[in-house]
Amino acid sequence: VQLQASGGGLVQAGGSARLSCVASGRPFITVHMGWFRQAPGKEREFVAGIQWSSGSTASADSVKGRFTISTNNAKNTMYLQMNSLKSEDTAVYYCAAAGVRFIGSTTKEMPESSNYDYWGQGTEVTVSS
């Protein structure tokens with residue numbers, strides 16, 4: 001299973017960007033997917049997650065009201081719409097997916113990086129002030 005993230009780049013503060021993550025490879029059951037980010041010198045942190053079947057979501061307090069996570073199940077694609085970007089949003093953004101062993105998990109499990117099986121390579125977002 002491969003996850004390909006895209007959509008990063010240089011954005012002005014207050015602007016918007018949309019990240020995409022496409023899942024490909026052998027068929028697999030996706031229980032939930034998520035976005036994490038890692039800023040220079042900082043640990044990787046949870047941004048937002050979504051349950052594949054129900055569409056239930058969870059997000060970090062720092063992005064609530066600004067970022068929206070969504071999926072197109074038919075295209076095996078997850079999105080992160082980022083609005084009102086701030087300089088502190090500058091980071092490499094990673095997408096991740098959780099497989100069948102996480103069936104039964106809830107949105108409470110999504111913020112923990114150990115609750116994902118597959119990771120994308122990351123896409124860099126730089127917000128200039």
Check the pair Y79 / I50 against side-chain contact (heavy atoms from CB on, under 4.5 Å), numbers first and verdict last.
-> CA-CA 10 Å; Y79 304 98; I50 186 166; over 6 Å; no
For K75 and V22 the tightest heavy-atom approach is O-CG1, 4.4 Å
For the pair F67 and Y93, name the ring-plane relationship: parallel under 30°, tilted 30 to 60°, perpendicular over 60°.
-> tilted
If Ile, Leu, Val, Met, Phe, Trp and Tyr residues are connected whenever their side-chain heavy atoms lie under 4.5 Å apart, and connections chain through other members, are V31 and M33 in the same group?
-> no
Answer yes or no: is there a side-chain heavy-atom contact under 4.5 Å between V1 and R26?
-> yes
Over 60° means perpendicular and under 30° means parallel, so classify the ring planes of F102 and H32, tilted if in between.
-> tilted
Grab the two heavy atoms, one from G7 and one from T123, that are nearest each other, plus how far apart they are.
-> N-OG1, 4.0 Å
Could you tell me whether the side chain of S105 reaches within less than 4.5 Å of the side chain of E112, counting heavy atoms only?
-> no
Are any of the side-chain heavy atoms of T107 and Q51 separated by less than 4.5 Å?
-> yes
Under 4.5 Å between any side-chain heavy atoms of S128 and L10, yes or no?
-> yes
Between T90 (side chain) and V127 (backbone), is there a donor-acceptor pair under 3.5 Å?
-> yes
With side chains defined as the heavy atoms from C-beta onward, is the minimum distance between D89 and M82 less than 4.5 Å?
-> no
